[in-house]
4 protein chains.
Amino acid sequence: MEQEKSKRELIIEAALKVFSKEGFYKAKVDAIAVEAGIGKGTIYEYFHSKEHLFEEMVKFFMEEYLHRLSLALKQEKTFVAKLKKYIQFEKEVMIRYGDLIYVFMREAHIIGIQIKEIFKGSRNKKISLVEDILQQGIAAGEFRKINVNTAALVFMGSVHHLLADEIFINDSSKGEIDIETLIDILFNGLKAAE
Amino acid sequence: MEQEKSKRELIIEAALKVFSKEGFYKAKVDAIAVEAGIGKGTIYEYFHSKEHLFEEMVKFFMEEYLHRLSLALKQEKTFVAKLKKYIQFEKEVMIRYGDLIYVFMREAHIIGIQIKEIFKGSRNKKISLVEDILQQGIAAGEFRKINVNTAALVFMGSVHHLLADEIFINDSSKGEIDIETLIDILFNGLKAAE
Amino acid sequence: MEQEKSKRELIIEAALKVFSKEGFYKAKVDAIAVEAGIGKGTIYEYFHSKEHLFEEMVKFFMEEYLHRLSLALKQEKTFVAKLKKYIQFEKEVMIRYGDLIYVFMREAHIIGIQIKEIFKGSRNKKISLVEDILQQGIAAGEFRKINVNTAALVFMGSVHHLLADEIFINDSSKGEIDIETLIDILFNGLKAAE
Amino acid sequence: MEQEKSKRELIIEAALKVFSKEGFYKAKVDAIAVEAGIGKGTIYEYFHSKEHLFEEMVKFFMEEYLHRLSLALKQEKTFVAKLKKYIQFEKEVMIRYGDLIYVFMREAHIIGIQIKEIFKGSRNKKISLVEDILQQGIAAGEFRKINVNTAALVFMGSVHHLLADEIFINDSSKGEIDIETLIDILFNGLKAAE
DNA sequence: AATGAATGAGTCTTCATTCAT
DNA sequence: TATGAATGAAGACTCATTCAT
């Protein structure tokens, strides 16, 4: 039982490596087996099909991702520190796995797997985490009583775009985005002082 | 001559429909031929391979996209109107073609096609268009002298995320994002008045 | 009429070049058209199919080949000179066209074209030419009253093998076979003097 | 191990049958699979491609051929018996496989496979076998001190031509060549006694 | 008569999946 | 339970042939 769970995770982690690098169609089941250090047939002892493995891997990744993000944010006290932690966390994930969530969402859609609900749920949880931080800022009197959902998406989108720009377009594998300017813009806005 | 160009474009447009719906690997050359209303072999009269067709289609789409965006922005006078036009334009493209640029970029990477430069160029042109608008705002004394590159990415990322959230996650195929709140946040910031 | 014959021959000669270099299957009708400097469709005005063109080309080649060989041999008076002329002629053909007759025979067989009779007829004519020379030697009292058919095949086979060895195996594109030794062996035999 | 070698050879032998009958281009991988009584995909477990299979089959055939010829010749004591054995061996091979070596050489050349060296090596080994026999005759004082290389080629070419004439042209599937006359001509020459 | 753009039947090859061991 | 040899459905691509101009 313990053994089986361990092997299952072994496969999922190998799948994560291969699918994130090759995408669903270019990834070979063979390559995943090699990555996991097991026989090809063994994969089919734990998953009905390549699609099923992909689906389970997505679930695993999303849960793990949200769990770790949640833990990371909890480690910080102030909402500013939390926002900066969020940026840091996203940066590390993007450097390691690339723009995986977008990619998985897209591929799941093409494959026809019904995991939209998983993405929706995960995404909403993630948004909630950011909304909570912003709410904390409002409660502290530091932020205006703005629509936190929109604000959360603005923040997340900004971070995502800045990171993607650095990492995927400018090939800066460090993703050295201008955090201070970002925070400044989001906090103080673009408008000139009247 | 005129005829040939017409047939080439016919294929590219069919390819755009099929590739945007199915992605590179799931798309069948056959399906593109059917979509174009021609024989399978005809595609190979105009493109060496499926990959070549994909590459040419991406170039075509990116050029067309930037050209239209540029025209749309020129139609507006004030920078506020331009920013709203940008949102409108992005919304329409995303509703029609989905998150194509992200998708194409990812797939091109996996296929191994050397079109990163095309994306890079296009992306930089698009950023420039937004930077120009923000610069106009600064020149008009309405915006602070902020780093326009970061600001442009913040704006674009915000718009993209809000739209993607509406269209892909919440299935609101209209993408009814909260433009006023977005503009308010970006202009005035999150901070409470002191 | 004159015009048509000319174009037909033009195509056959182009076909000869391409088929002798590429073989039946690898040769493209397109390549033959390019070689002939005409449009692809034009070939089908003169021949029903690739097979038919191949068949007609084989007939043309065999007739031309035998005609020229016959003329070349007639130019020589003595049977020794004729035999040497035969070697010279075979050498030139083999350098220019490769081992075409074998090849055509083989390919015709595979394609399923009924030209075995053509080869049979041509081959028998060629054997007759050599038999006549040998008969001339016998008549002159220079040769024993040996079975001329077998002797002709021995001579032809010897020449063919020596040439093929030089040209195809040892890459000596000149085919410098040891004519004197060949003639010596065939005339005087291998046996030591008693 | 034993099993794998067995399956590999099974495929090669099926390939030999099909390629020798159809030639490289007309032969279908499917047909080879059917001939071998296995699935189409299995062939690709043992060979990268149709070309690779062809190449390996040629190597196999050439080695087997030379090995058997060598053994057959060793069984005979006198050089005359060895020469007759050579003829007998060639006849059997040609009846069974056709003019395979010529054909394979030609096709390998067209396909562009680099097996010319294999043919060259095999051919030289075969020539050596015949040269050794002739050398034995010279050593025994039965043959003149003639150039054995040329003599070997004369002998081999004569045999080949006589057999090809019988088998391919005159459709005598028995290849009943006139061995006595051949030996007589080669031993005693064509010349009339002085 | 001459052309070459258009076609689609035909073939090699890949790879997810099965199943005997 | 774990394996990997065997399979064959599926798909990219080629090229002989047609036919409208």
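Keep in mind that the numbers below use all heavy atoms, side chains included, and drop hydrogens, waters and symmetry copies.
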Subject >> Euclidean distance, atom CZ of residue C/R8 to atom P of E/dA1 [Å, nearest integer] >> reply: 14 Å
Original post:
Nearest of E/dT3, F/dT7, E/dT14 to any side-chain atom of D/I38?
Top reply: F/dT7
Original post:
Rounded to whole angstrom units, what separation is found between the CG atom of C/D30 and the C1' atom of F/dA16?
Top reply: 10 Å
**OP:** Output yes when C/R8 and C/E56 qualify as a salt bridge under the 4.0 Å nitrogen-oxygen rule, no when they do not.
**Re:** yes
Original post:
Checking all strands, does B/A31 fall into the base, sugar-phosphate, or nothing category for heavy-atom contacts under 4.0 angstrom?
Top reply: nothing
Subject >> Nearest to side-chain heavy atoms of C/K7, which nucleotide of E/dA2, F/dA2, F/dA6 >> reply: E/dA2
Original post:
Is the gap between the ring centers of A/Y25 and B/F24 under 6.0 Å?
Top reply: no
Original post:
Nearest of F/dT17, E/dT11, E/dA16 to any side-chain atom of D/K28?
Top reply: E/dT11
**OP:** Could you state the atom-to-atom distance from CZ of C/F47 to P of F/dT18 in whole Å?
**Re:** 15 Å
Original post:
Roughly, in whole Å, what's the span from NE2 in B/H52 to C1' in F/dT14?
Top reply: 18 Å
Original post:
In whole Å, what is the span from the CD1 atom of D/I43 to the P atom of E/dT11?
Top reply: 15 Å
Original post:
Under 4.0 Å: is that the gap between some side-chain N or O of A/Y46 and OP1 or OP2 of F/dA2?
Top reply: yes
Original post:
Quick one: which of E/dC12, F/dA12, F/dA2 gets closest to the side chain of D/K50?
Top reply: E/dC12
Original post:
Which of the following nucleotides, E/dC12, E/dT3, F/dT7, is nearest to the side chain of D/E45?
Top reply: F/dT7
Original post:
Relative to the 5' end of DNA chain F, which residue comes earlier, C/G41 or B/F24, by the nucleotide with the nearest heavy atom?
Top reply: B/F24
Original post:
Is E/dA9 paired to anything, Watson-Crick or G-U wobble with both distances less than 3.5 Å, and if yes, which nucleotide?
Top reply: F/dT14
Original post:
Any chance the rings of C/F119 and C/F104 have centres within less than 6.0 Å?
Top reply: no
Original post:
Between B/K26 (NZ) and F/dA12 (P), how many Å, whole number?
Top reply: 13 Å
Original post:
Taking the nucleotide of DNA chain E with the closest heavy atom to each, which residue, D/Y25 or C/G37, is nearer the 5' end?
Top reply: C/G37
Subject >> A/Y44 OH to F/dT7 C1', straight-line distance once rounded to whole Å >> reply: 13 Å
Original post:
Rounding to a whole Å, what distance do you find between B/I32:CD1 and F/dC13:P?
Top reply: 11 Å
**OP:** May I ask you to verify whether the side chain of B/K40 and the base of E/dT7 hold a donor-acceptor pair under 3.5 Å?
**Re:** no
Original post:
Is a donor on one side and an acceptor on the other found under 3.5 Å between the side chain of C/H67 and the backbone of C/E63?
Top reply: no
**OP:** Step through it carefully: locate the ring centre of C/Y97, locate the ring centre of C/F61, and say whether they are under 6.0 Å apart.
**Re:** yes
**OP:** Tell me the partner of E/dA1, counting only Watson-Crick (N1-N3 plus N6-O4 or O6-N4) or G-U wobble (N1-O2 and O6-N3) with both under 3.5 Å; none if nothing fits.
**Re:** none
**OP:** Using a 4.0 Å heavy-atom cut-off across all strands, classify C/A27 as base, sugar-phosphate, or nothing.
**Re:** sugar-phosphate
Original post:
Is there a Watson-Crick or G-U wobble partner for E/dA20 with both distances under 3.5 Å, and if so, which one is it?
Top reply: F/dT3
Original post:
Are more than 12 heavy atoms from other residues, nucleotides or ligands located less than 6.0 Å from atom NZ of D/K26?
Top reply: yes
**OP:** Could you tell me whether C/G39 contacts a base, only the sugar-phosphate backbone, or nothing, with contacts defined as non-hydrogen atoms closer than 4.0 Å?
**Re:** sugar-phosphate
